[in-house]
Amino acid sequence: MKSGCPLRVLAIESSCDESAVAVLDEARGLLAHEIFSQVDLHRVYGGVVPELASRDHTRRLLPLMRSALEKAGTTPAELSAIAYTAGPGLVGALLTGAALGASLAYALGVPAVPVHHLEGHLLAPLLEDEVPPFPHLALLVSGGHTMLIQVDAPGQYRLLGETRDDAAGEAFDKSAKLLGLPYPGGPELARLAGQGRPDAFDFPRPMLDRPGFEFSFSGLKTAVMLAARGAPLTDERRADIASSVQEAIVDTLVGKALRAMDQTHLRDLVVAGGVGANQLLRERLGRQVRRRGGRLYFPRLEFCTDNAAMIAVAGLMRLKRGDVAPDLAVQARAQWPLANELTTTG
Ligand code: KG4
Ligand code: ZN
């Protein structure tokens, strides 16, 4: 590692269907971030096709890297480390970025930093001007995870509760599919919800009446399916179902997040992950958190969903604490047990 000058990290994200590269400088901040979304490639299949995702990452990553380096005005020789998403995610997709990251690090003689994708989401708010103070609470809501986490410091996380089954993003996506909306369903459902009545259907608020911080969203899709099939699916009925399901998901997330604030006495809340882009969730959470004298922090919209800037932040933090790859092995894990990264309470 070069001593004396600020650290500069190049990061690669390829865990699912976004190919992304970013360059972050310890002193100057984010210098460049490039992203290519494969959404058009997968749309016809109604979901991500893993093999197609891997192949497309191999096509996209090198041009994205060249472009990121150029926009950052930096040469590979000026990089202190290469961070890459090592999991969790689609293993073939992960391998494309991991192999590139590990070999580039080897060629440059700098450390490779395997990064936990969720840590990237958790630390994404550090890319903004207003940085959340530590400790704080985080509601991590993505396509694969729904978690309430106490963030004591970068690298020190306590899992308060998570979903027993479907993630919040999955609940959005599956409901959207039942309503015949195009992939990716979450943002489409949110858009349609704006035209409907949030109280038209009384969908379940799973686990909200139970103590603790666990979530469960799998029952919601059955309720949505019954509502969608219960009568002719007019445009009005579709919008009403969309609005009511969004209301049920947001209600549940907000209810549990506020309960965690009350119990931990932490007043600052971060909302991160793809579902954190949901406008209703942000508004509702923001209002309630302010009412409790706290503050809501979230990454800008483009850093809520998958990107490499967040991997660069998490990678820089790991580099600073010396948490780098111990050898030349390429690390790619479909499952990365959170127990290794997060301390569970209880
Ligand atoms: O974090 P992310 O980009 O990928 C994962 O790591 O999972 O999250 C993607 C999820 C998808 O389920 C997508 O439908 C959802 O985030 N999402 C939204 C919105 N934007 C993205 N859900 C609700 N409202 C949105 N505006
Ligand atoms: Zn993600």
Side-chain angles (χ1 to χ4, degrees), residues 11-20 35-39 42-43 46-48 50 53 84-90 93-94 97 115-125 138-147 149 162-163 166-179 181-194 196 198 215 217 220-221 224 242-254 270-285 298-311 313-314 334-336 338:
I12 303 166
E13 157 65 33
S14 70
S15 65
C16 191
D17 60 344
E18 326 280 350
S19 317
I35 185 158
F36 179 86
S37 171
Q38 302 177 356
V39 63
H42 301 289
R43 185 173 286 122
V48 179
Y84 64 84
T85 304
L90 302 170
L94 285 166
V115 172
H116 197 291
H117 181 80
L118 297 183
E119 186 175 32
H121 277 303
L122 279 178
L123 299 181
L139 175 66
L140 180 56
V141 271
S142 72
H145 297 88
T146 302
M147 297 173 159
I149 295 166
E162 63 184 324
T163 184
D166 287 356
E170 257 177 303
F172 268 104
D173 294 341
K174 287 178 178 173
S175 303
K177 209 165 188 175
L178 286 166
L179 294 177
L181 297 173
Y183 163 87
E188 291 288 337
L189 187 132
R191 213 166 294 134
L192 183 61
F215 302 88
F217 288 109
L220 203 52
K221 61 179 179 286
V224 172
S243 186
S244 302
V245 77
Q246 177 177 246
E247 188 73 17
I249 297 170
V250 167
D251 240 16
T252 310
L253 294 174
V254 172
V270 158
V271 59
V275 182
N278 186 273
Q279 224 45 50
L280 184 72
L281 177 65
R282 286 182 172 205
E283 280 164 27
R284 222 28 97 69
L285 272 178
F298 40 77
R300 73 194 82 161
L301 279 180
E302 62 186 319
F303 293 160
C304 276
T305 45
D306 291 348
N307 65 87
M310 68 182 195
I311 302 303
V313 175
Q335 312 275 342
W336 188 341
L338 285 168

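Atoms within a ligand are numbered from 1 in the order they appear, just like the ligands themselves.
On a distance-only criterion, E170 and ligand 1 share no N/O pair closer than 3.5 Å. For ligand 1, the polar-atom distance check finds no N/O of G185 at less than 3.5 Å from any of the ligand's N/O atoms. For ligand 1, one of its N or O atoms has an N or O atom of G186 under 3.5 Å away. Annotation: G143 places an N or O atom under 3.5 Å from an N or O atom of ligand 1; distance criterion only.
Applying the 4.0 Å criterion to heavy atoms of G169 picks out, from ligand 1, the atoms 12 (O). Annotation for ligand 1: atoms under 4.0 Å from non-hydrogen atoms of G144 are 7 (O). Close contacts between ligand 1 and F172 involve ligand atoms 22 (N), 23 (C) [criterion: under 4.0 Å to a heavy atom]. Atoms of ligand 1 found under 4.0 Å from any heavy atom of T305, numbered from 1 in the order shown, are 3 (O). Proximity to A277 (heavy-atom distance under 4.0 Å) selects the following atoms of ligand 1: 20 (N), 26 (N).
Looking at D306, L301, L189 and measuring to atom 2 (P) of ligand 1, the nearest heavy atom belongs to D306.
Side chain of S142 to main chain of G274: no donor-acceptor pair is present (N/O by atom type, distance under 3.5 Å, no hydrogens or angles). Side chain of Q38 to backbone of A53: a donor-acceptor contact under 3.5 angstrom is found. Distance alone, capped at 3.5 Å, places no donor-acceptor pair between the S15 side chain and the G89 backbone. Checked by atom type and distance alone, the side chain of T163 never pairs as donor or acceptor with a backbone atom of T146 at under 3.5 Å.
Put simply, NE2 on H117 and CG on L122 are 10.5 Å apart, with the number rounded to the nearest 0.5 Å. For the atom pair CD1 of I311 and NE2 of H116, the computed distance is 10.0 Å after rounding to the nearest 0.5 Å. Here the CD atom belonging to E188 is positioned 14.0 Å from the OG atom belonging to S175, to the nearest 0.5 angstrom.
Nearest protein heavy-atom neighbour of atom 24 (N) of ligand 1: N278 ND2, 3.0 Å. Looking from atom 12 (O) of ligand 1 to the surrounding protein, the closest heavy atom is D173 OD2, 2.7 Å. Among all protein heavy atoms, the one lying closest to atom 18 (C) of ligand 1 is G274 O, 3.8 Å.
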> Between E247 and R284, is a side chain to side chain contact (heavy atoms under 4.5 Å, CB included) present by the stated rule, with each step listed?
Replying inline: CA-CA 10 Å; E247 188 73 17; R284 222 28 97 69; 3.1 Å; yes
>> For L285 and L139: C-alpha separation, side-chain torsions, deciding distance, then whether side chain to side chain contact (heavy atoms under 4.5 Å, CB included) applies.
In response: CA-CA 10 Å; L285 272 178; L139 175 66; 4.0 Å; yes
>> Show, in sequence, the C-alpha distance, side-chain angles and deciding distance for L178 and K174, and conclude whether the side chain to side chain contact (heavy atoms under 4.5 Å, CB included) test is met.
In response: CA-CA 6 Å; L178 286 166; K174 287 178 178 173; 5.5 Å; no
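At least one heavy atom of H121 sits closer than 4.0 Å to an atom of ligand 1. Ligand 1 lies within reach of P187, whose nearest heavy atom is under 4.0 Å from it. Not a single heavy atom of P184 lies less than 4.0 angstrom from ligand 1. At least one heavy atom of H117 sits less than 4.0 Å from an atom of ligand 1.
Relative ring orientation between F215 and F217 is described as parallel, the plane-to-plane angle staying below 30° on a 0-90° scale split at 30° and 60°.
The side chain to side chain contact (heavy atoms under 4.5 Å, CB included) search around L192 returns L181, Q195, R238, A239, A242, not counting sequence neighbours.
For K177, the NZ atom counts as loosely surrounded, since its 6.0 Å shell holds 12 or fewer non-hydrogen atoms of other residues, nucleotides or ligands.
Below the 2.8 Å limit, the Zn ion (ligand 2) has as protein N, O or S neighbours H117 NE2, H121 NE2, D306 OD1.
Tested against L123, the residues V115, V313, V270 include a single side-chain contact (heavy atoms from CB on, under 4.5 Å) partner, V313.
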